[in-house]
Amino acid sequence: MDSFTDSPIIASPRAAAAPAWAQPRGTADSEADAAFVAGAALTMLYERVREPPAWAGCWRNRLALASAQAAVRLMGRREDEAALRDAVFLCPPGGDPGPAGRVLVAYRRLASRKPVMRDEMIREVSDLLAVRWSEALTGVPAVVDELLQSRRAVPFVIAALVERVVAMRPDAEVLAWWLADWVLARLIHLDLPVPFFTQARYGAAFRTTSGNGRLRPGDEGFARAVCLALALQVPETLRLATEIERHADSLVAVSPKLRTKGGEGVVQRLLADDAVAASLPGTGLSRWAGRRLFERLEAFGVVRELSGRPTFRIYGL
């Protein structure tokens, strides 16, 4: 029987939380105050991500799921995270996960691809996000290239990107926020993007002063709101990293107790993705063996069943 001790998985150092001084106090009325806390947050993010741990794939893909849920909301749809996960994980290979599922596919690609911008990629992502391609969007790659060369502070580059894409096509805001995550990765030299800007769109940073609406791209104070969005969302992103790391460390700790052939691959997949289907395609395990393996992991308290169903089950950290 295979033992995990043959190829041990090393636990990573504990994720750092954003310090209190790096978080906004009140509403940060001036752009300078907002830019300061945004810069501090970006420093924390960079320090945490520059040496990705073994569980970084799970973290990024869980952020992709939350971002996709915010994106479908922006598109006027109602699917929650469970419905989005089902659409993708229960879709047969080569199948169509449907309109909402395609949104999650777009964000999962964002979370797993190195930031190399091509015209074809923007067209492909636009299609996944149900943004009909038109002549108005052909200038997006040039805008991205121009802004990547800008010497402005990172949050203001992101604000300008979103405003300019929406000015080209008012119905392309969801694409603009997807691009914002991609451009941020390039600007702060991350190997892979960390999806979170679309989630921030519905956070406190974009509330109007009256509290009865949300700032839109082009509104006065939008750049300040982007700064605040970074300052508020990055600590949430780091807290999720800490939570996932705790579960990942528990999984690694119990892995030597497993003696299922092919089980090590399952552990690696749990560390690398938001979820794993119990059917375990591509692992070499039978359905019975896979079910038994997950039952053992669940009994150890290191994974949880995410679907709530008795069949077609999905598991994750």
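For reference, positions follow the sequence shown, starting with 1. Note that these values count all heavy atoms, side chains included, but never hydrogens, waters or copies made by symmetry.
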Qualifying residue, where the test is side chain to side chain contact (heavy atoms under 4.5 Å, CB included) with Pro217 and the options are Val226, Leu161, Val166
Val166
Please list, one pair per line, the donor and acceptor atoms closer than 3.5 Å that link side chains of residues 81-103 to other protein atoms, with sequence neighbours excluded.
{"unit_1": "Arg85", "atom_1": "NE", "unit_2": "Asp274", "atom_2": "OD2", "d": "2.9"}
{"unit_1": "Arg85", "atom_1": "NH2", "unit_2": "Asp274", "atom_2": "OD1", "d": "3.1"}
{"unit_1": "Arg85", "atom_1": "NH2", "unit_2": "Asp274", "atom_2": "OD2", "d": "3.3"}
{"unit_1": "Asp86", "atom_1": "OD1", "unit_2": "Arg309", "atom_2": "NH1", "d": "3.2"}
{"unit_1": "Asp86", "atom_1": "OD1", "unit_2": "Arg309", "atom_2": "NH2", "d": "3.3"}
{"unit_1": "Asp86", "atom_1": "OD2", "unit_2": "Arg309", "atom_2": "NH1", "d": "2.6"}
{"unit_1": "Asp96", "atom_1": "OD1", "unit_2": "Gly98", "atom_2": "N", "d": "2.9"}
{"unit_1": "Asp96", "atom_1": "OD1", "unit_2": "Arg102", "atom_2": "NH1", "d": "2.7"}
{"unit_1": "Asp96", "atom_1": "OD2", "unit_2": "Arg102", "atom_2": "NH1", "d": "2.9"}

Is there a side-chain contact between [X] and [Y] in this structure, where contact means two heavy atoms from C-beta onward sitting under 4.5 Å apart?
{"X": "Leu137", "Y": "Val131", "value": "yes"}
{"X": "Thr242", "Y": "Arg48", "value": "no"}
{"X": "Asp127", "Y": "Trp133", "value": "no"}
{"X": "Phe197", "Y": "Leu230", "value": "yes"}

Would Arg123 and Glu120 count as a salt bridge (charged side-chain N to carboxylate O under 4.0 Å, His left out) here? Give the steps.
CA-CA 5 Å; Arg123 286 176 176 265; Glu120 311 88 78; over 6 Å; no
Take Val194 and Trp59 through the test side chain to side chain contact (heavy atoms under 4.5 Å, CB included) and record every step on the way to the result.
CA-CA 9 Å; Val194 179; Trp59 177 50; 4.1 Å; yes
Look at the rings of Tyr107 and Trp178 and say which category their plane angle falls in: under 30° parallel, 30 to 60° tilted, over 60° perpendicular.
perpendicular
Over all atoms of both residues, closest heavy-atom pair of [X] and [Y]:
{"X": "Leu238", "Y": "Met44", "answer": "CD1-CB, 3.8 Å"}
{"X": "Ala185", "Y": "Pro193", "answer": "CB-CA, 3.7 Å"}
{"X": "Pro195", "Y": "Asp181", "answer": "CA-OD2, 3.5 Å"}

Rounded to the nearest 0.5 Å, how far apart are [atom1] of [X] and [atom2] of [Y]?
{"X": "Trp177", "Y": "Gln199", "atom1": "CH2", "atom2": "CD", "value": "12.5 Å"}
{"X": "Cys227", "Y": "Asp33", "atom1": "SG", "atom2": "CG", "value": "10.5 Å"}
{"X": "Ser67", "Y": "Asn61", "atom1": "OG", "atom2": "CG", "value": "11.0 Å"}
{"X": "Glu79", "Y": "Arg73", "atom1": "CD", "atom2": "CZ", "value": "13.5 Å"}
{"X": "Asp219", "Y": "Thr208", "atom1": "CG", "atom2": "OG1", "value": "9.5 Å"}
{"X": "Leu74", "Y": "Arg201", "atom1": "CG", "atom2": "CZ", "value": "6.5 Å"}

Flag the pair Glu243 and Arg62 as a salt bridge only when some basic side-chain nitrogen lies within less than 4.0 angstrom of an acidic carboxylate oxygen.
no
Would you call Arg132-Asp171 a salt bridge at under 4.0 Å N-O?
no
Is Arg50 atom CZ crowded by more than 12 heavy atoms from other residues, nucleotides or ligands, each under 6.0 Å away?
yes
Under 3.5 Å, side chain of [X] to main-chain N/O of [Y], donor-acceptor pair present?
{"X": "Ser250", "Y": "Arg246", "value": "yes"}
{"X": "Arg304", "Y": "Leu317", "value": "yes"}
{"X": "Arg152", "Y": "Ala160", "value": "no"}

Are Phe156 and Val143 grouped together when hydrophobic residues (ILVMFWY) are joined by side-chain heavy atoms under 4.5 angstrom apart?
no
